[in-house]
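For reference, the structure is listed below as structure tokens.
Below, read A as the first sequence line, B as the second, and so on, with proteins coming before strands; counting in each chain starts at 1.
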Amino acid sequence: MQYFKPATFEEASALAAGAEGITRFLAGGTDVLVQLRSDLVTPDVLIDIKAIPGTHDITRTEDGGWRLGVAVTGAEMSEHPDLGRDWPGVVEAMDLIGSTQVQGRATPIGNLCNASPAADSVPAMIAAGAVLSVVGPDGARDIPVEEVPAGPGKTTLKKGEIATALTLPPRGAQGGDAYLRFIPRTEMDIAVVGCAINLTVEGEVITSARMALGAVAPTAVVVHAAADALVGRTLDDAALKALTDLAEASCNPIDDKRGTVKFRTHTAGVLARRVAQIAYDRAKGAKA
Amino acid sequence: MSKTHVTAKVNGDAVEFLCDPRETLLDVLRDRLGLTGAKEGCGTGDCGACSVTVDGRLVCSCLMLGVEAEGKEIGTVEGIADGETLHPLQKKFIEYAALQCGICTPGILIAAKSLLEKNPDPTETEVRYWLAGNLCRCTGYDKIIRAVMDTAAEMREAS
Amino acid sequence: MALDSSKTTDFKYVGTRPDRPDGLDKVTGRAKFGADATAPGMLFAAIKRSPHAHAKILKIDASKALAMDGVKAVVTRADFAEGLTGETWNVLENVMAGETALYDGHAVAAVAATSALIARDAMKAIEVEYELLPHVTDVDKAMAADAPVIRAGAADASVPEGLHPNVVRYYESGHGDVEAGFAEADLVIEDHFTTEATHQGYIEPHACLGTLGADGKGELWCCTQGHWNVQKLCAAMLGIETSQLRVTASEIGGGFGGKTTIFIEPVALALSRKANRPVKLVMTRAEVFRASGPTSSTSMDVKIGMKSDGTITAAQGTFRLQGGAFPGGPCEMTAMCAFAPYNLTNVHQVGYDVMTNRPKQAAYRAPGSPMAAFAVESVIDELCNQLGLDPFEVRLKNASREGTRASFGPKWPRIGLVETLEAARAHPHYTAPLKEGQGRGISCGFWFNHGGETSVSLAMSEDGSAQIMVGTPDIGGSRASMALMAAEVLGIPYENIRCTIADTSSLGYNEISHGSRVTYASGLATIKAAEAAVEELCRRAAAKWDIPEEAVYWEDGYAKPSGPNAGDHAPLHITELTADMGATGGPINGHFEATPEGAGVSFATHIVDAEVDPETGATKVVRYTVVQDAGKAIHPTYVEGQFQGGAAQGIGWALNEEYIYGEDGRLQNAGFLDYRIPVASDLPFIDTVIVEVPNPGHPFGVRGVGETSICPPLAAIANAVSNAVGVRMRQLPMRPSRVLEALESKDG
Ligand code: FES
Ligand code: FES
């Protein structure tokens, strides 16, 4: 395994484009090192991107959104004074991953690019409408988060392409997001099911809604129909029932050691109700 | 395979070492620097026995490469006491019998110290969640949580 | 005059809570555990393991590995002794496969190299050709007629004719007429229960550092619960004399029974002999799960009859234990513990030890008892529910007491079950209100406890301080207990005693730290060794005073004349007797060697409240109380620690922990990510009540406490969850999906 610590994204991209064998980028390393240790993946080329300037920054974008450098960790997100006020669901989703120790290193962009179907931060980023910026041999481009994972362990990034930052849109007034997952313990497990919802309201009435589910299909699922089910309504029992049915119908899970098809499908519905309520309350002004 | 030269500080002391890029910080601490206080319980970030601080941030040393330590300040259990004076957490852990076998203790002390530096007045729930990544199989955590809470109270009084 | 310091009250040191002697080492990172040792010229080793559940080994080709730079030796089964028999053969076969790989993770070869990375790369370069064989990993399937035979001829004489060859041991006991008993009952409930294999889950992986020369002399450092056993087994497997191998026990990072046997130690020694260098071998966590010794999974049937007044009229149990690819599943202990808490006229229990293609089971804290209690106490709870009886009343009504006959035969001596039941019933926990969605469960539990071969040496220093050498590794603060007991006898401060775990060359044979025997047996031996030293101290005083030794007694660190007839002598302090001991007859030491038989059994009663999320089936333990008979708590804080640790392990077992095998016979969750032991945020504080009903077999009344604490939790939690959801939970772990299905079965 060769280890590189480039000083610019261009250098990193050139290294990756020219590398033979398996290439991995190293940010927090909480997946890369586990895979190395478990003999699942031993990269031939490991490119540490943390020395590139700006990769640790959390900054406001001009339009009032947020830009997170590629090496920003979960702990840095949780500690940020303003980010969690705008996007509590995204911050909480990231914070659920692993231990306090893991939070000190793990990054949402790593969580996205590792492309696990059960990644906690991904449904929350999708619901929020986040966009991943990448640079590569063919230049820079922006990809909506939901288009990044291609299947378990696979992304749509091309050879030599490297993620540079994540952009969250402006929160705007009367909006709220939330994420919950189901795990058997209280901490330290991989999500059996995850659900994120991002809403805006006018008074009691929902004006926009985005829902995404994790661990119920090979990649996180965007439930587009959630908007149809919720927009123009208040979050009453009928809306919650519709959302439950929708969540269950959107599942395409597998039976594995962490959960059965039946359990995952049922629990997706339960979480959808609970998450919707939290997001709704937040949109209406409840403090996160 | 060629090795990389790394310069870092461990518990305030300058150290240099050569390491294979595949070696973790934990491997380096234990096998190259002779600091066996940090333990390997899993090697995959699930047990916390390898907890250290890097530039003040609590991490699993099994989830960080040795080469990434370049220019960093590492803190391990060996550096918690001040000469012959134990850190209040160390004293309380002995007093409360917050350890049975003691293999989890170095990691828990490092993690608890980092909690109290951030939050001098944690609730029981905060302590339990902060330490959720530090597995202890012997104690059922009862005496550990009590020791941390009581240390926090004592340190608040003292300051 | 043989000194007898037996007492059960008026202790000065025993029962206090001083800091443990090894505390500083353990909070500063200085304590040396298994993987913390190094030696000059040391090599690192790695083990090649079978990826198959059952396969014939056709060929092992290590040529590529041996050609790598830095690789110094490869060993296979051919490098170990031949002609072993019985359990030693079993252990060797488990340590390194012979002709057949018997489970996923079974060792087939090992390599030593100059670095851990090279050793790992070389291990991967060893090529093994297999011929796959049919496998079975489930206990009931392994007993079925069409099950593949793991190893023909493995059964012993206890197994009745007509059973599948995978049934390798059989146990049966009981008394009375159960059919007549069931006929007398107002309600008979029979149910089927299962539990999954769990792992002890010690945080420290197995680790050792071995050196062995061509001269047959060796040194071994390892984390173990019993280094004399390691010495004996390793010597046999390497074909050397036992006494030529010196084994030193490192600090041990948890064992719970799992470190009572060996897995890697002979491999390190064989590699060392071949390479002529010290070899360090440390298991990865995945190896610990795949190839150390988890506990048995079980399939159990229990039938109990009860009168409407709560009298149990008859009880019958069948316990099938899956013990991996070797005999050893604790079928007899499971069956014997099952009904131990109850005084039964008609009782019958049967146990089967069944082989499967899984790792060789090892002891796990009270082997067999937790599972048996789960089945039995669940049925009793259901009987109480259906008959509308108070669970404490019923248990007290039927409780085993001194003089009643145990379900497995003998008459009980002085025991403390009733006292634990009464203390639990009186505890505020039992009457505290429950919230919506919560249920409460109680359970009793029993463990035998053990004595075993024990040697202790005590030596006085000139300044009147004392050192004790014990041979039982300190797995949870036992140095403190030993020092307290010695302090009590000698009458010197606790701090003036240093307790060391001796290596195998420094003390006579000691059985493993198992069976909750350390505080009992090493404690008894420590007391006796201290008494021997005190007798000598009295003799020296007698000589100084020129009176008969019988006229001197020992009190609180002083030799005193026993009465006016003995003369008017000022008491002599211990320091006055040790200061010149070289001139008054030589060093003053005390020894004790024996196999004490008086280990007092121990009972416990637990109360637990569980809260179930009706929408997801997730269970959280919200309150837990342990009440257990400790005989006499030498260091109460560490007794509480044992109670809490056992309860926490039981909570994991009941709710989340299990070995998960795929159809391919491979273990799917060989890591702490998916083998889910409780984390700090999963648990409440665990309340403890120490009941003290002295054990007549120990000078201070000690009963072992380490194991009984894990006997009641499975049942207590299952009862709590069953009462919360209104459906009897018969399968562990109570995964959320299982609880949800139970809830649905009730609604549907
Ligand atoms: S060894 Fe690093 S978390 Fe277990
Ligand atoms: S004291 Fe043994 S693991 Fe914590």
For [X], is it the side chain, the backbone, both or neither that has a heavy atom under 4.5 Å from a heavy atom of chain B?
{"X": "C:Y624", "answer": "neither"}
{"X": "C:Y638", "answer": "side chain"}
{"X": "C:L24", "answer": "both"}
{"X": "C:Q642", "answer": "both"}
{"X": "C:P18", "answer": "neither"}
{"X": "C:T28", "answer": "both"}
{"X": "C:A35", "answer": "both"}
{"X": "C:Q649", "answer": "both"}
{"X": "C:I252", "answer": "backbone"}

Carefully, step by step, assess B:D46 and C:R285 under the rule side-chain contact (heavy atoms from CB on, under 4.5 Å).
CA-CA 10 Å; B:D46 301 309; C:R285 176 55 53 184; over 6 Å; no

Could you have a look at [options] and say which one has the most heavy-atom pairs with chain C under 4.5 angstrom?
{"options": "B:L109, B:N134, B:L135, B:L89", "value": "B:L135"}
{"options": "B:G34, B:C42, B:C47", "value": "B:C42"}
{"options": "B:E23, B:R146, B:R30, B:K39", "value": "B:R146"}
{"options": "B:I94, B:T76, B:L35, B:V77", "value": "B:I94"}

Looking at C:D682 and B:R128, is there a salt bridge between them, counting it only when a charged N and a carboxylate O are closer than 4.0 Å?
no

Cationic N near anionic O, under 4.0 Å, C:R30 to B:E78
no

Structural part of [X] lying under 4.5 Å from a heavy atom of chain C:
{"X": "B:E124", "value": "side chain"}
{"X": "B:I80", "value": "neither"}
{"X": "B:L86", "value": "side chain"}
{"X": "B:T44", "value": "neither"}

When [options] are compared by non-hydrogen pairs under 4.5 Å with chain B, the top option:
{"options": "C:L673, C:V282, C:I651", "answer": "C:L673"}
{"options": "C:V679, C:L683, C:D36", "answer": "C:D36"}
{"options": "C:G29, C:A680, C:G645", "answer": "C:A680"}
{"options": "C:F256, C:Y202, C:F44, C:F643", "answer": "C:F256"}
{"options": "C:E640, C:M283, C:E251", "answer": "C:E640"}
{"options": "C:G476, C:G255, C:A648", "answer": "C:G476"}

Work out which heavy atom in B:L99 is nearest to a heavy atom in C:R20; give both atom names and the distance.
O-NH1, 2.8 Å

Determine yes or no for a side-chain-to-main-chain donor-acceptor pair under 3.5 angstrom, with [X] supplying the side chain and [Y] the backbone.
{"X": "B:Y141", "Y": "C:P678", "value": "yes"}
{"X": "B:D142", "Y": "C:I686", "value": "yes"}
{"X": "B:E95", "Y": "C:D19", "value": "no"}

Atom [atom1] in [X], atom [atom2] in [Y]: separation rounded to 0.5 Å?
{"X": "B:C101", "Y": "C:I475", "atom1": "SG", "atom2": "CD1", "result": "10.0 Å"}
{"X": "C:S115", "Y": "B:D27", "atom1": "OG", "atom2": "CG", "result": "10.0 Å"}
{"X": "B:Q90", "Y": "C:K26", "atom1": "CD", "atom2": "NZ", "result": "15.0 Å"}
{"X": "C:F33", "Y": "B:I103", "atom1": "CZ", "atom2": "CD1", "result": "4.5 Å"}
{"X": "C:S478", "Y": "B:Q100", "atom1": "OG", "atom2": "CD", "result": "11.0 Å"}

The ring-ring contact (aromatic ring centres under 6.0 Å, His included) partners of C:F672 (sequence neighbours excluded) come to C:F289

Does the side-chain contact (heavy atoms from CB on, under 4.5 Å) test come out yes or no for B:W130 and C:S681, once each step is laid out?
CA-CA 9 Å; B:W130 182 274; C:S681 48; over 6 Å; no

NZ (B:K72) with more than 12 external heavy atoms under 6.0 Å:
no

On the six-membered ring of C:Y675, is B:R137 placed so that its NZ or CZ lies under 6.0 angstrom from the centre and within 45° of the ring axis?
no

